Amino acid sequence: MAGYEALPRDELLGVLAVRDARITQLEAGSDALAQLVGELRDKVARLERIVSRNSRNSSMPLSADDLPGRTPPEPEKKRDGRKRKPGKQPGAPGSHLCWSDSPDERVDHFPEGECSCGRDLAGAADLGVAASHQVIDV
């Protein structure tokens with residue numbers, strides 16, 4: 001910069017001291033901004049990860065896929081020219097576990113708690129078996 005050559009030594013040292021103080025102040029501000037940028041970068045990455053979640057890559061329900069800001073799951077790929085459907089083919093022998101005449105344990109299931117209308121289900125009329133299962137130990 002022009003004009004510094006003509007300044008006396010004391011004034012030149014004063015100008016350099018002011019400049020050094022300003023540089024120190026700017027470096028401190030730069031460090032604070034760098035820290036803030038790092039925090040914001042982490043926050044953006046976390047928010048992008050949250051928004052990119054859908055029912056296929058997380059435990060979210062299907063009903064949450066169409067919420068605003070959510071990325072919908074990619075459509076399933078078509079099966080390449082296959083004529084068969086997945087699973088057991090028609091005509092193939094099937095197998096299942098038959099009900100045992102003497103299960104190890106019988107468990108009766110009765111409704112508990114309150115109905116959606118607010119009445120207690122303990123005094124409700126018996127309409128038969130709602131669910132049944134057998135426990136057979138090998």
Side-chain angles (χ1 to χ4, degrees):
M1 291 201 167
Y4 286 131
E5 297 85 14
L7 290 176
R9 184 174 191 274
D10 293 339
E11 287 183 27
L12 188 59
L13 290 176
V15 169
L16 290 177
V18 170
R19 182 183 289 174
D20 289 344
R22 180 68 177 149
I23 288 173
T24 304
Q25 181 184 13
L26 290 174
E27 285 177 345
S30 175
D31 292 342
L33 287 175
Q35 181 180 357
L36 181 62
V37 166
E39 291 172 3
L40 291 175
R41 187 176 290 136
D42 294 342
K43 187 174 184 177
V44 166
R46 183 177 57 85
L47 292 174
E48 285 177 346
R49 187 175 59 249
I50 289 171
V51 168
S52 69
R53 292 176 40 196
N54 57 42
S55 62
R56 289 209 185 147
N57 60 12
S58 69
S59 60
M60 291 177 57
L62 287 171
S63 61
D65 282 345
D66 61 351
L67 291 176
R70 296 274 180 204
T71 56
E74 295 178 10
E76 291 186 15
K77 295 179 181 176
K78 301 284 183 183
R79 298 177 86 77
D80 300 328
R82 297 182 184 169
K83 295 180 181 178
R84 293 188 191 187
K85 295 180 181 178
K88 185 180 86 62
Q89 299 302 311
S95 63
H96 68 281
L97 182 62
C98 294
W99 286 87
S100 174
D101 292 331
S102 58
D104 295 333
E105 182 181 349
R106 289 181 185 263
V107 179
D108 294 329
H109 294 276
F110 297 104
E112 297 176 355
E114 292 183 351
C115 179
S116 61
C117 66
R119 299 177 78 187
D120 188 21
L121 293 175
D126 184 11
L127 299 177
V129 176
S132 61
H133 72 272
Q134 291 186 355
V135 178
I136 301 173
D137 291 332
V138 178

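Computed from a predicted structure; not experimentally measured.
- Applying the side chain to side chain contact (heavy atoms under 4.5 Å, CB included) rule to Pro61 yields the partners Ser63, Ala64; only residues at least two apart in sequence or on another chain are considered.
- Evaluation of the side chain to side chain contact (heavy atoms under 4.5 Å, CB included) rule for Glu114 yields no partner, not counting sequence neighbours.
- Not counting sequence neighbours, the partners of Lys43 by the side chain to side chain contact (heavy atoms under 4.5 Å, CB included) test are Arg46, Leu47.
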Using atom types as modelled, flag every donor-acceptor pair under 3.5 Å from a side chain in residues 22-34 to any protein atom, sequence neighbours excluded.
residue : atom : partner : partner atom : Å
Arg22   : NH1  : Gln25   : OE1          : 3.1
Thr24   : OG1  : Asp20   : O            : 2.9

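- The side chain to side chain contact (heavy atoms under 4.5 Å, CB included) search around Glu39 returns Gln35, Leu36, not counting sequence neighbours.
- For the side-chain contact (heavy atoms from CB on, under 4.5 Å) test with Glu11, the passing option among Val15, Leu13, Leu7 is Leu7; the others fail.
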